[in-house]
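First comes the structure, then the notes that go with it.
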Amino acid sequence: MSETQRPNITPENKAQRTPPGQYLTEKFPVLSYGETPRVDLAMWDFRVWGEVEEVVRWTYDDLLALPSVKITADFHCVTTWSRLDNVWEGVSIHEILKRIRLKPTAAFAMFHCDGDYTTNVSMNVLTDEDVLLAYRHDGEPLTPDHGYPLRSVVPKRYAWKSARWLRGIEFMPKDRPGFWERNGYHMDGDPFKEERYGRFEG
Ligand SMILES: Nc1nc2c(c(=O)[nH]1)N[C@H]1C(S)=C(S)[C@@H](COP(=O)(O)O)O[C@H]1N2
Ligand SMILES: [Mo]
């Protein structure tokens, strides 16, 4: 999408919306740990486990049948590029939360992906109103590189917390680092606080 097609971006708000140390790009770079997984939807499922009363499992069709949301959000990669006004469509995390029974001990969540990628978020971050499980981006189905068939989108955190090729969410009583968090990135990752690197010990 060109900038003229994204009228919400003005010179003034552009500056406000760009976190410290970030530059804006119109491109949509792909940055992966590992390779883009091949997906067979017939074998695919999305599961929720951990601090829940029972494990719940959805097929792709089950997810598509849930109410959908469309969210416009900025995307900030820790390697310093930001892309404004991405249009994501998918299932709000709240639709998922309505359909599971969390134990009171659930305090953190881990996204689990094909290819062994993981990333952690607190319940506060997970339950923000703009968090979704997306299957479309800028009016098109997700491409394989950008996470087909499903990714999480956590707009208020650096983009490494928006997990492509998502297969499940594990609810946890205590925080645990995901892939990049074990490798030096911050446990929380708020771009406006410039929480790029952390010092996780454990
Ligand atoms: N499964 C998985 N999800 C991932 C990653 C990854 O390597 N594997 N990289 C993260 C990082 S660092 C970024 S910047 C975004 C990039 O998303 P994009 O390729 O759609 O721009 O995906 C995030 N989600
Ligand atoms: Mo990133």
Side-chain angles (χ1 to χ4, degrees), residues 1 27-73 75 77-79 83 86-102 106 108-121 125-127 130-155 157-172 176-183 185 189:
M1 246 189 310
K27 288 186 236 138
F28 195 18
V30 169
L31 206 92
S32 305
Y33 152 66
E35 279 170 23
T36 297
R38 244 176 269 159
V39 180
D40 176 1
L41 281 188
M43 306 290 290
W44 189 95
D45 64 3
F46 173 76
R47 284 191 319 130
V48 164
W49 73 93
E51 300 300 300
V52 288
E53 298 296 343
E54 66 269 306
V55 172
V56 184
R57 178 183 171 270
W58 289 265
T59 65
Y60 201 56
D61 283 342
D62 294 336
L63 286 179
L64 294 181
L66 296 181
S68 68
V69 282
K70 196 189 264 198
I71 277 164
T72 302
F75 199 62
C77 172
V78 70
T79 63
R83 189 178 188 279
N86 298 274
V87 181
W88 301 105
E89 285 171 75
V91 179
S92 164
I93 193 65
H94 293 280
E95 294 294 343
I96 300 296
L97 293 171
K98 273 186 220 164
R99 289 166 175 81
I100 64 176
R101 291 196 298 138
L102 279 182
F108 294 88
M110 185 74 81
F111 293 120
H112 288 264
C113 305
D114 276 330
D116 288 339
Y117 186 87
T118 52
T119 187
N120 57 307
V121 288
V125 169
L126 184 76
T127 57
D130 57 2
V131 172
L132 76 157
L133 309 183
Y135 41 70
R136 293 174 71 80
H137 174 261
D138 281 358
E140 305 281 347
L142 283 182
T143 61
D145 281 348
H146 290 295
Y148 174 86
L150 191 73
R151 78 180 298 164
S152 59
V153 178
V154 183
R157 290 299 178 267
Y158 281 119
W160 88 76
K161 302 274 190 191
S162 290
R164 288 174 283 167
W165 314 302
L166 184 68
R167 291 295 301 274
I169 303 177
E170 174 192 1
F171 288 94
M172 312 186 293
R176 234 169 59 211
F179 174 76
W180 283 121
E181 294 83 4
R182 278 196 304 276
N183 287 284
Y185 284 166

**OP:** Drop me the distance from L102's CG to E51's CD, to the nearest 0.5 angstrom.
**Re:** 9.5 Å
Original post:
Taking the side chain as C-beta and beyond, is there a heavy-atom pair between C113 and R164 under 4.5 Å?
Top reply: no
Original post:
So, does R176 use its side chain to make a donor-acceptor pair with the main chain of N120 at under 3.5 Å?
Top reply: no
Subject >> Heavy-atom closest contact (W58 atom, W44 atom, distance) >> reply: O-CZ3, 4.3 Å
Subject >> Any donor-acceptor pair under 3.5 Å from T36 side chain to D145 backbone >> reply: no
Original post:
Are side-chain heavy atoms of F75 and H137 found at a separation under 4.5 Å?
Top reply: no
Subject >> Minimum heavy-atom distance between V69 and S92, given as atom pair plus value >> reply: CG2-N, 3.7 Å
Original post:
Quick one: is the NZ or CZ of R83 closer than 6.0 Å to the six-membered ring centre of F28, and within 45° of its axis?
Top reply: yes
**OP:** Could I get the full list of side chain to side chain donor-acceptor pair (under 3.5 Å) partners for R157, not counting sequence neighbours?
**Re:** D188
Original post:
Which residues pass the salt bridge (charged side-chain N to carboxylate O under 4.0 Å, His left out) test with R167, sequence neighbours left out?
Top reply: D45, D114
**OP:** Kindly indicate whether the side chain of W160, heavy atoms from C-beta on, has any atom under 4.5 Å from the side chain of E181.
**Re:** yes
Subject >> Heavy-atom closest pair, residues L126 and I93 >> reply: O-CG2, 3.2 Å
Original post:
Is the count of non-hydrogen atoms from other residues, nucleotides or ligands lying under 6.0 Å from E35 atom CD greater than 12?
Top reply: no
Subject >> Distance (rounded to the nearest 0.5 Å) between H112 NE2 and F46 CZ >> reply: 10.5 Å
Original post:
Within a reach of under 6.0 Å around CG of D116, are more than 12 heavy atoms found that belong to other residues, nucleotides or ligands?
Top reply: no
Original post:
Is there a donor-acceptor pair under 3.5 Å between the side chain of D62 and the backbone N or O of T59?
Top reply: yes
Original post:
Just wondering, do V153 and I71 contact through their side chains at under 4.5 Å, heavy atoms?
Top reply: no
**OP:** Spell out, as yes or no, whether a donor-acceptor pair under 3.5 Å connects the side chain of W165 to the backbone of P144.
**Re:** yes
Original post:
Where is the tightest heavy-atom contact between L142 and Y148, given as atom of each residue plus distance?
Top reply: O-CB, 3.4 Å
Original post:
Of all residues at least two apart in sequence or in a different chain, which pass the salt bridge (charged side-chain N to carboxylate O under 4.0 Å, His left out) check with K98?
Top reply: E95
**OP:** Could you label the plane-to-plane angle of the Y60 and Y135 rings as parallel, tilted or perpendicular, counting under 30° as parallel and over 60° as perpendicular?
**Re:** perpendicular
Subject >> Nearest heavy-atom neighbours spanning P177 and M110 >> reply: O-CE, 3.5 Å
